[in-house]
Colleague: 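Once you've had a glance at the structure underneath, I'll fire off some questions.
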Amino acid sequence: MDKIKEKLEKLRIESDTHLARADKAEQESKQLKAELQKRDNDVQNLTNKVTLLQQDLERAEKRIDEVKLRKGEADKEDAQIEALQRKVTMLEHHLEEKEKEWREATDKARQYEMSAEQFERKSKQLDGEKLDLEKKLEDMTAKYNVVKAELESTLKGLEDL
């Protein structure tokens, strides 16, 4: 019986040890399950964050595409602006040349106008001189005719003598 008691004692101790180990294993299991739950939650949170980050990435990529498109359009507009500025510069240069030509033509027109006025004055002066000379010619022709008539009458009178 002592052996039985010892065996029983030994079994009880072994049983207590196993119970303690089982309790410990159960607590470890609970802790591991809690840790697993926590890690599952962390994984879920990280999965949600990854999803949000992917959505942010997609939005960012769309914005980048839009910005690239706008930049491309802006580059085209810049090129058009540059071309238009070159054209404006060319037109301004052309306008300056035309204005210079216009000033030169205006100056020549003024010179021609002044020359025409001088010629007109000269023409009026010459017309006046012509009229004076025609009047003198008429007077001289009249005097000549009178003198001729006197000469003829004097010659007739001399012939009659």
Side-chain angles (χ1 to χ4, degrees), residues 1-140:
M1 241 217 35
D2 277 338
K3 279 189 169 188
I4 294 181
K5 278 187 179 181
E6 276 181 30
K7 260 192 172 191
L8 275 175
E9 190 61 37
K10 200 178 181 184
L11 283 175
R12 198 177 321 146
I13 291 174
E14 211 178 286
S15 166
D16 286 343
T17 307
H18 286 303
L19 278 175
R21 278 182 60 202
D23 284 343
K24 186 178 177 186
E26 195 174 305
Q27 283 182 349
E28 285 178 5
S29 172
K30 284 181 183 179
Q31 286 176 349
L32 289 175
K33 283 182 182 180
E35 192 175 317
L36 179 63
Q37 183 64 37
K38 182 181 173 194
R39 296 225 175 158
D40 281 343
N41 289 340
D42 289 347
V43 167
Q44 185 63 37
N45 288 337
L46 290 174
T47 304
N48 290 340
K49 284 182 182 179
V50 166
T51 303
L52 291 174
L53 288 173
Q54 285 176 338
Q55 290 173 351
D56 287 348
L57 178 63
E58 288 174 6
R59 282 193 296 266
E61 287 174 344
K62 284 181 183 178
R63 277 190 247 136
I64 287 171
D65 290 341
E66 289 173 4
V67 167
K68 284 181 181 178
L69 181 64
R70 286 187 201 138
K71 185 181 181 324
E73 290 172 359
D75 288 346
K76 286 179 186 177
E77 289 174 358
D78 288 346
Q80 288 175 344
I81 287 170
E82 190 175 311
L84 289 173
Q85 286 174 338
R86 282 193 303 269
K87 191 172 184 176
V88 165
T89 303
M90 182 187 67
L91 289 173
E92 286 174 345
H93 180 69
H94 187 68
L95 176 64
E96 288 172 2
E97 289 177 1
K98 291 301 178 184
E99 285 177 343
K100 182 180 177 185
E101 290 175 9
W102 180 78
R103 283 191 297 275
E104 290 173 358
T106 303
D107 289 344
K108 283 183 181 179
R110 284 188 194 130
Q111 289 174 355
Y112 290 144
E113 189 176 319
M114 289 172 55
S115 294
E117 288 175 2
Q118 288 175 351
F119 289 136
E120 192 174 316
R121 284 194 296 271
K122 187 72 170 177
S123 173
K124 286 181 182 177
Q125 180 186 1
L126 290 174
D127 282 345
E129 288 177 12
K130 178 183 162 195
L131 289 174
D132 289 342
L133 288 174
E134 285 177 351
K135 187 171 183 177
K136 279 185 184 179
L137 179 63
E138 285 178 16
D139 290 343
M140 295 292 266

Colleague: Do any N or O atoms from the side chain of Ser123 and from the backbone of Phe119 form a donor-acceptor pair under 3.5 angstrom?
Modeller: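 Side chain of Ser123 to backbone of Phe119: no pair is present.
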
Colleague: Mind checking the NZ-CD spacing from Lys3 to Glu6? Nearest 0.5 Å is all I need.
Modeller: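 One gets 8.0 Å once the value is rounded to the nearest 0.5 Å.
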
Colleague: With salt bridge (charged side-chain N to carboxylate O under 4.0 Å, His left out) as the test, would you mind laying out the steps for Lys98 and Glu101 before giving the verdict?
Modeller: CA-CA 5 Å; Lys98 291 301 178 184; Glu101 290 175 9; 3.6 Å; yes

Colleague: Do Met90 and His93 have side-chain heavy atoms sitting under 4.5 Å apart?
Modeller: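 They are not in side-chain contact.
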
Colleague: Looking at Asp107 and Arg103, is there a salt bridge between them, counting it only when a charged N and a carboxylate O are closer than 4.0 Å?
Modeller: no

Colleague: Would you please test Lys100 and Glu96 for salt bridge (charged side-chain N to carboxylate O under 4.0 Å, His left out) and show each step?
Modeller: CA-CA 6 Å; Lys100 182 180 177 185; Glu96 288 172 2; over 6 Å; no

Colleague: Measuring from Glu82:CD to Asp75:CG, what's the distance to the nearest 0.5 Å?
Modeller: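 Going from the CD atom of Glu82 to the CG atom of Asp75 covers 11.0 Å.
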
Colleague: Using 0.5 Å steps for rounding, measure from the CG atom of Leu95 to the CD atom of Glu99.
Modeller: 4.0 Å

Colleague: Answer whether the closest heavy-atom distance between the side chains of Gln37 and Lys33 falls below 4.5 Å.
Modeller: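 No - every pair of side-chain heavy atoms lies 4.5 Å or more apart.
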
Colleague: As an exercise, state the distance from CG of Leu36 to CG of Asn41, rounded to the nearest 0.5 Å.
Modeller: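 Taking CG in Leu36 and CG in Asn41, the distance rounds to 9.5 Å.
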
Colleague: Using a strict cut-off of less than 4.0 Å between a Lys/Arg side-chain nitrogen and an Asp/Glu carboxylate oxygen, indicate whether Arg12 and Glu9 qualify as a salt bridge.
Modeller: yes

Colleague: Nearest 0.5 angstrom please: Glu35 CD to Asp42 CG, how far?
Modeller: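 If I round to the nearest 0.5 Å, the distance is 10.0 Å.
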
Colleague: Check whether any side-chain N or O of Ser29 sits under 3.5 Å from a backbone N or O of Ala25 as a donor-acceptor pair, and report yes or no.
Modeller: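 No; judged by distance alone, with no hydrogens or angles, the pair does not exist.
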
Colleague: Roughly how far, to the nearest 0.5 Å, is CG of Asp23 from CG of Asp16?
Modeller: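 Answer for the CG-CG pair, Asp16 versus Asp23, is 10.0 Å.
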
Colleague: Determine, stepwise, if the pair Asn48 / Gln44 fulfils side-chain contact (heavy atoms from CB on, under 4.5 Å).
Modeller: CA-CA 6 Å; Asn48 290 340; Gln44 185 63 37; 3.4 Å; yes

Colleague: Charged N to carboxylate O under 4.0 angstrom, Lys108 versus Glu104?
Modeller: no

Colleague: Does Glu120 pair with Lys124 as a salt bridge, N-O distance under 4.0 Å?
Modeller: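 Judged by the 4.0 Å cut-off on N to carboxylate O distance, Glu120 and Lys124 do form a salt bridge.
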
Colleague: Salt bridge (charged side-chain N to carboxylate O under 4.0 Å, His left out) for Asp139 and Lys135? Distances and angles first, verdict last.
Modeller: CA-CA 6 Å; Asp139 290 343; Lys135 187 171 183 177; 5.7 Å; no

